[in-house]
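Step one of this worksheet: look at the structure below.
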Amino acid sequence: MKYILNLSLVALLLAVFSCDGNKTAGTLGASDEVETRVERILSEMTLAEKIGQMNQVSAGGDVAQYADALRKGQIGSILNEVDPAKINEFQRIAVEESRLGIPLLVGRDVIHGFHTVFPIPLGLAATFDPALVEEGARVAAIEATAQGVRWTFSPMLDIARDPRWGRIAEGSGEDPYLDARMAEAMVHGYQGREADSTSMAACIKHFVGYGAAEGGRDYNSTFLTERQLRNIYLPPFEAAVKAGAMTLMTSFNDNDGVPSTGNTFVVKDVLRGEWGFDGLVVTDWNSMGEMINHGFGEDRKDVAEKAVNAGVDMDMMTYGFLSHLEELVKSGAVKEKTINQAVRNILRVKVMLGLFDNPYVDVDAAAAVQYAPAHLASAQKTVEESAILLKNDGVLPLGKGLRILVTGPLADAPHDQLGTWAFDGEKAHTVTPLKALRERFPGQVDYVPGLRFSREKRSSFADVVAAARRADVVLAFLGEEAILSGEAHSLADLNLQGSQSELLAALKTAGKPVVAVVMAGRPLTIERDLPNVNGLLYSFHPGTMGGPALANLLFGDVNPSGKTPITFLRTVGQAPLYYSHNMTGRPYNGETLLEDIPLEAGQTSLGNTSYYLDYGAYPLFPFGYGLSYTSFAYSGIGLDKEAYKADETLRVNFTLTNTGAFDGTEVAQVYIRDLVGSITRPVKELKAFERVSLKAGESRTLTVDIPVQELAFVGLDGEKKVEAGEFLLWVAGDSASGEAIRFKVL
Ligand code: GLC
């Protein structure tokens with residue numbers, strides 16, 4: 001055994017290292033035993049071996065091509081290998097044939113499930129159910145670790161307020177509070193509440209501000225002020241760090257001129273200095289090399305120096321650290337203690353994951369946990385809670401004994417239903433809506449696709465219309481192919497692609513009820529389609545079990561409860577539009593719209609407020625919105641006091657009543673507005689939410705406690721604190737509803 005602890009040596013090392021301040025209590029909460037083990041391993045490493053740990057390579061093809069580098073200790077991590085036998089071989093060479101036998105950290109983008117694919121993260125957020133999302137992340141970890149993957153590049157925490165950005169699919173939408181709750185859930189789910197062989201290190205990404213890409217164009221520059229970073233974009237990352245996230249990934253974008261991978265302020269000052277993060281920081285794919293493209297570095301040596309000195313520990317894919325760090329240390333441009341700290345962070349994660357005790361997986365047992373019935377059930381339940389009912393004229397839920405026409409390009413699209421970043425989802429396991437409906441209603445389902453894929457253009461739908469005339473109800477499954485969202489897939493037009501809207505218009509001529517189900521990676525602009533449907537259910541790419549879940553929702557076995565985690569625009573020209581905006585000096589007040597403008601109207605005759613003449617300033621659907629087959633009423637909204645000190649807690653009381661005929665679940669949301677601040681404050685900010693299930697007719701009085709410190713923000717003086725003054729508070733079923741009550745902070 002290479003690792004027989006020599007306690008006297010260890011005690012000596014402990015004394016030595018602690019004096020240089022390298023061992024402060026970090027957010028990973030590693031035990032003294034872990035830290036001692038890290039120090040001992042580090043003490044035996046040469047500079048070359050240390051630098052080797054900082055090198056991550058994408059492993060494709062034969063293991064043999066990496067054997068020499070593995071034996072030399074030049075690879076600390078691999079990504080993109082998921083075959084358990086191959087992973088074991090990678091580990092065997094690294095552990096048995098290198099001088100120190102340091103195991104590899106095997107990473108993969110397990111973004112919304114491994115083999116069992118869950119709804120895309122935007123769909124997970126639509127559940128407003130952190131416990132369920134944690135359960136799904138746990139399922140993903142169990143399946144992925146069984147095959148040897150012990151690190152996922154998830155969750156993505158990028159706040160996104162522009163649906164043109166394709167990666168809006170991969171995050172939790174526009175709101176920092178919801179984003180933070182989802183982040184905590186996924187970190188706990190991936191890593192496990194107790195560390196064991198199914199623990200998979202989470203990687204919170206992309207640090208930071210990536211979702212604010214100008215124009216919604218992926219990889220584009222961002223221009224966020226420090227206050228915006230601290231009040232909007234950093235809080236979800238801080239919450240995830242506090243939840244124990246073991247790793248973090250820097251983002252591609254330059255913010256205010258500084259690419260994140262070389263940004264000392266966010267990585268070293270905030271992440272490491274202010275938050276005490278002692279996990280592993282990895283670059284995004286070649287994001288270090290791309291600092292040359294940005295014009296932030298002369299060459300690979302220059303950007304390697306900038307990245308490591310900014311606090312980056314591991315280089316994904318450029319070999320820049322492996323090629324240049326030794327020379328940079330010898331020249332003094334990089335201190336060896338900087339290298340030592342990076343390697344500590346890497347070794348700490350490997351030790352905590354137990355990789356030094358057992359880096360191997362049981363290849364024969366790996367298959368048994370994939371697609372386990374409990375996993376599929378969890379995925380189906382997540383879809384059922386994720387889908388958002390956006391229109392229902394009473395057509396839903398559907399009755400029994402109907403002749404059903406199924407149509408649309410997403411009705412039987414097993415690949416596209418999985419959505420973006422579903423590398424290990426296998427379409428053979430997808431249960432599509434068509435398959436689920438045929439199984440549930442044998443002999444009652446006709447299928448005329450109308451369009452083979454979402455971008456297809458057709459001029460006539462005579463075949464579909466004729467089939468609709470023979471049916472009692474039409475179910476049209478529409479939306480986006482998976483490739484149309486995700487990385488590098490930004491769109492400037494958010495209408496339904498191809499001839500999907502024309503398909504709906506044609507179906508309307510058949511005179512039968514039409515229910516649309518939209519599966520997409522973003523909120524599409526569907527206003528023009530709403531008049532052509534009687535009901536509309538929005539299901540952000542639902543994954544493997546979308547079919548059975550959607551069937552249960554459409555036929556009332558499950559009552560929809562999903563809420564919009566992102567504002568739905570009326571037109572793409574409104575982007576960016578989100579609920580938590582500032583008031584401005586001229587807030588919109590329902591001013592004159594285009595069709596009402598009189599001829600030769602005088603220059604100052606129209607409403608001088610912040611809006612669009614053609615589309616006003618309101619969205620199609622606000623953040624937090626979603627209908628149910630029942631209805632809910634809020635009453636008795638009150639606070640336990642009228643005024644609070646900064647260290648006290650608001651106790652919000654309200655009664656929720658299910659006023660309809662169906663049992664259902666409401667996501668009750670609490671919003672707060674700080675009326676006057678040292679800087680202008682948003683008109684509303686989500687500060688709490690709770691899923692409440694009520695029988696038809698049932699009422700329940702609930703209490704929600706919100707520490708006044710949750711109202712803290714970074715104001716004009718740069719300090720994060722609660723400012724005294726008047727506040728408004730709403731309790732409602734979405735961000736645009738409810739009556740405000742007042743309270744004070746003293
Ligand atoms: C990609 C993505 C990042 C992903 C990484 C590894 O470019 O930006 O989210 O985790 O590369 O695949």
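Every value quoted in this text rests on a predicted model; they were computed, and no experiment measured them. The analysis underlying the following values was restricted to heavy atoms, covering all of them including side chains, and did not include hydrogens, waters or symmetry mates. Both counts, for ligands and for their atoms, begin at 1 and track the order of listing.
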**Closest non-hydrogen atom pair, S287 against T250** = OG-OG1, 3.8 Å

**Request:** For ring pair (Phe, Tyr, Trp, His ring centres under 6.0 Å), just list the numbers for Y538 and F540, CA-CA rounded to whole Å, side-chain angles, deciding distance to a tenth of an Å, and then say yes or no.
**Result:** CA-CA 6 Å; Y538 211 93; F540 293 109; 5.2 Å; yes

Find out whether the Lys NZ or Arg CZ of [X] is both under 6.0 angstrom from the six-membered ring centre of [Y] and within 45° of the ring's axis.
X: K205; Y: W285; answer: no
X: R181; Y: Y177; answer: yes
X: K306; Y: F296; answer: yes

**Item:** Protein contact to atom 2 (C) of ligand 1 [nearest heavy atom, distance to 0.1 Å]
**Value:** E487 OE1, 3.2 Å

**Item:** Nearest candidate to atom 6 (C) of ligand 1, where distance is taken over non-hydrogen atoms, out of N80, D109, V110, D284
**Value:** D109

**Basic-acidic side-chain contact under 4.0 Å: E134, R138** = no

**Message:** What I want to know is whether K205 and ligand 1 share at least one N or O pair that is separated by under 3.5 angstrom.
**Reply:** yes

**Prompt:** If we only count N/O pairs under 3.5 Å, is W285 in contact with ligand 1?
**Reply:** no

**Prompt:** What part of M317, side chain, backbone, both or neither, has a heavy atom within less than 4.0 angstrom of ligand 1?
**Reply:** neither

**Request:** Within a distance under 4.0 Å of any heavy atom of F252, pick out the atoms of ligand 1 and give their elements.
**Result:** 7 (O), 8 (O)

**Prompt:** Which atoms of ligand 1 sit under 4.0 Å from any heavy atom of H206?
**Reply:** 3 (C), 8 (O), 9 (O)

